[in-house]
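Worksheet: the structure to be examined is printed underneath.
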Amino acid sequence: ASFPKRFRERTPTAKFHPNKVPIELLVLGVLRVLGRAAIFNSLEETTYISGETHRKYFLAFITWGSTILYKEFVFYPKTQADIQVNLDEMCRGGMPGCVGSTDATHIAMEQCSARLANAHTGKEQYPTRTYNCT
């Protein structure tokens with residue numbers, strides 16, 4: 001899968017190329033937003049890359065991941081051999097007979113209205129939305 005060229009260019013030092021930033025920091029920013037619900041401005045404090053640049057990269061990365069990468073890496077097993085690969089992996093993890101797994105994460109609802117807050121508050125003690133991933 002090929003990511004758009006403007007995001008693949010690298011530079012040895014941002015000092016001499018102020019319009020290019022290290023792609024590793026942008027990818028780490030995406031992962032921090034997804035995994036920790038970080039805000040883009042907080043990424044600016046640790047990477048010295050503007051929050052707006054992180055925001056634009058995040059949107060491009062998510063679009064790329066949900067279209068290009070999804071088609072390439074997310075699929076149902078099509079043959080018995082495909083199913084067996086999953087069964088073997090789950091068996092090694094101590095779950096014989098299991099074909100797949102599902103996980104969920106809670107994302108904070110920072111601007112939840114007062115009338116909905118109680119309905120969306122659970123073990124985290126603040127309003128969240130749950131997103132599931134299989």
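Quantities reported herein were computed from a predicted structural model and do not represent experimental measurements.
The shortest side-chain heavy-atom distance between Val33 and Leu31 does not fall under the 4.5 Å cut-off. For the pair Val21/Leu26, a side-chain contact is recorded, criterion being any heavy-atom separation below 4.5 Å from C-beta on. For the pair Thr105 and Leu34, the minimum side-chain heavy-atom distance is 4.5 Å or more.
Between Arg92 and Glu89 no salt bridge is recorded (no basic side-chain N to carboxylate O distance below 4.0 Å).
Without hydrogens or angle criteria, Ser42 side chain to Ala38 main chain gives no donor-acceptor distance under 3.5 Å. No donor-acceptor pair under 3.5 Å is formed between the side chain of Thr53 and the backbone N or O of Ile49. Of the possible donor and acceptor atoms, none in the side chain of Glu44 sits under 3.5 Å from a partner among the backbone N and O of Ser50.
Interatomic distance, Arg55 CZ to Ile39 CD1, rounded to the nearest 0.5 Å: 14.0 Å. Taken from CG in Leu43 to OH in Tyr57, the straight-line distance is 12.5 Å, to the nearest 0.5 Å. We find the CG-OG1 distance between Leu69 and Thr63 to be 11.5 Å, quoted to the nearest 0.5 Å. The CG atom of Asp82 lies 6.0 Å from the CZ atom of Phe75; values are rounded to the nearest 0.5 Å. How far CZ of Phe61 is from CD1 of Ile23: 8.5 Å, rounded to the nearest 0.5 Å. Here the CE-CE distance, from Met90 to Met95, works out to 5.0 Å after rounding to the nearest 0.5 Å.
Residue Leu25 comes nearest to His54 through the heavy atom pair O-CE1, 3.8 Å, listed as atom of the first residue, atom of the second, then distance. The heavy-atom pair separating Thr130 from Ala104 by the smallest distance is CG2-CB, 3.7 Å. Contact record, Ala108 with Tyr126: CB-CE1, 3.7 Å, taken as the closest heavy-atom pair. Of all heavy-atom pairs between Pro127 and Thr121, the closest is N-OG1, 3.6 Å. Taking every heavy atom of both residues into account, Pro77 and Asn86 meet most closely at CG-ND2, 3.6 Å. Annotation for His120 and Cys112: closest pair CD2-SG, 4.4 Å, computed over non-hydrogen atoms.
A single hydrophobic cluster is not seen to contain both Ile107 and Met109; linkage of ILVMFWY side chains at heavy-atom distances under 4.5 Å, directly or through other members, places them apart. Linking Ile, Leu, Val, Met, Phe, Trp and Tyr whenever their side-chain heavy atoms come within less than 4.5 Å puts Ile62 and Phe73 in one cluster.
Applying the 6.0 Å contact sphere to CD of Glu110 captures no more than 12 heavy atoms from other residues, nucleotides or ligands.
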Quiz prompt | From CA spacing to verdict: side-chain hydrogen bond (donor to acceptor under 3.5 Å, both in side chains), Gln84, Asp88 | solution = CA-CA 6 Å; Gln84 194 60 50; Asp88 293 344; 2.8 Å; yes

